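Here's the structure, in structure tokens; my notes come after.
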2 protein chains.
Amino acid sequence: MKFLSRQEELMLLSIWKLDDNAYGVTIRQSVTDLTGKYWSIGAVYDVLDRLTKKGLVSTVVGDPVKARGGKSKRFYRVIKSGFKALEEVRDLQQKAWVDLPEPAFEKK
Amino acid sequence: MKFLSRQEELMLLSIWKLDDNAYGVTIRQSVTDLTGKYWSIGAVYDVLDRLTKKGLVSTVVGDPVKARGGKSKRFYRVIKSGFKALEEVRDLQQKAWVDLPEPAFEKK
DNA sequence: GATATCTTCTATAATACCGAAGAAATTAAG
DNA sequence: CTTAATTTCTTCGGTATTATAGAAGATATC
């Protein structure tokens with residue numbers, strides 16, 4: 001659509017929450033905790049790439065840390081346009097969930 | 001994902017709101033009003049079909065009404081599973097938008 | 001070189017998006 | 001009256017974007 005997809009939204013919020021420590025693995029952990037569902041590695045990085053390409057986050061490769069697995073992390077950070085996009089869906093959400101009549105359930 | 005997509009959510013809410021009068025055209029109007037964006041005919045019916053296939057709405061073709069354009073309408077109604085799915089994303093949304101630190105904006 | 005931690009790559013399925021074509025009724029023409 | 005034009009709605013078919021998944025690749029420590 002023209003709005004953030006739900007995934008993009010969740011991912012942005014997770015990055016926001018993680019602050020200085022947002023990279024692939026922690027982000028994956030964060031959305032897993034949040035949703036209680038399984039997220040494949042690929043699914044996470046896919047969204048991350050898209051957010052980057054869309055210019056909603058900035059990214060920087062950190063220095064390799066002195067620990068067993070050496071590959072250096074790619075850190076993410078929400079930038080202005082990202083916050084704006086988030087605000088947009090928050091407003092939409094708010095408008096969407098009002099004026100709902102009593103749910104007349106159907107049998108089945 | 002495993003949750004309703006944003007479109008599916010908006011569409012379900014619109015159907016819910018429209019109550020007895022939810023069919024292609026009014027639903028399209030409703031989501032257009034809500035989002036302020038253009039929705040093609042096809043985009044609307046596409047989601048509607050998906051919701052039906054997923055068993056989140058029930059549908060019934062109405063009797064042709066005595067008015068100019070004769071084609072009878074296909075009415076939609078949110079059913080139990082649909083309300084449940086909506087509830088799920090509402091909860092998710094609520095959980096997602098908390099514990100957010102001060103947005104430390106980046107320049108650019 | 002074995003092991004650990006992370007990211008990139010490649011492939012497939014599901015969603016989103018769009019307008020032309022099709023269906024079925026009413027109204028207008030002759 | 002019979003047929004053609006008009007109106008209202010939905011179905012169809014094709015393309016682009018998102019979502020899913022895990023294997024492969026990179027780079028550090030032990």
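Since this is a predicted model, take the numbers as computed values, not measurements.
- Here the C1' atom of nucleotide D:dA19 and the NZ atom of A:Lys53 are 13 Å apart, to the nearest Å.
- The side chain of B:Lys73 contributes an N or O atom lying less than 4.0 Å from OP1 or OP2 of D:dC9.
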Report each atom pair, protein N/O against N/O of nucleotides 9-14 of chain C, whose distance is under 3.5 angstrom.
none

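- Between B:Arg6 and the phosphate of C:dT15, there is no side-chain N or O to OP1/OP2 separation shorter than 4.0 Å.
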With a 3.5 Å cut-off and sequence neighbours excluded, list the donor-acceptor pairs that the side chains of residues 85-92 of chain B form with protein atoms.
none

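- Between the C1' atom of C:dA23 and the CD1 atom of B:Ile41 lies a distance of 15 Å, rounded to the nearest Å.
- Backbone-only contact: A:Tyr38 has heavy atoms under 4.0 Å from sugar-phosphate atoms and none from a base.
- The interatomic distance linking B:Arg28 (CZ) with D:dT8 (P) rounds to 13 Å, in whole Å.
- Taking the nucleotide of DNA chain D with the nearest heavy atom to each of B:Val25 and A:Ser72, the more 5' of the two is matched to B:Val25.
- Counting to the nearest Å, the C1' atom of C:dC18 and the NZ atom of A:Lys2 are 11 Å from each other.
- Residue A:Lys71 contributes atom NZ, which lies 16 Å from atom P of D:dA24 at whole-angstrom precision.
- Between A:Ala43 and B:Tyr23, it is B:Tyr23 whose nearest contact on DNA chain D lies nearer the 5' terminus.
- Members clustered with A:Tyr23: A:Val25, A:Val60, A:Phe75, by chain and number, using a 4.5 Å side-chain heavy-atom cutoff among hydrophobic residues.
- The phosphate of C:dA16 has OP1 or OP2 within less than 4.0 Å of a side-chain N or O from B:Ser5.
- Legend: residues meeting salt bridge (Lys or Arg N to Asp or Glu O under 4.0 Å) with A:Glu9, ordered by chain and number and at least two apart, are B:Arg6.
- When side chains are defined from C-beta on, B:Arg77 counts as touching B:Asp20, because their heavy atoms get closer than 4.5 Å.
- The separation between A:Leu51 atom CG and D:dA19 atom C1' is 13 Å, rounded to whole Å.
- Atom-to-atom, CZ of B:Phe75 to C1' of D:dT8 comes out at 12 Å; the value is rounded to the nearest Å.
- Note: CD (A:Glu9) to P (D:dT18) measures 15 Å, nearest angstrom.
- For A:Ile41, the side-chain contact (heavy atoms from CB on, under 4.5 Å) partners at least two apart in sequence or on another chain are A:Arg28, A:Tyr45.
- Side-chain atoms of B:Ser14 never come within 3.5 Å of backbone atoms of B:Ser30 as a donor-acceptor pair (strictly under, hydrogens ignored).
- Counting only residues at least two apart or on different chains, no ring-ring contact (aromatic ring centres under 6.0 Å, His included) pair has a member in residues 47-70 of chain B.
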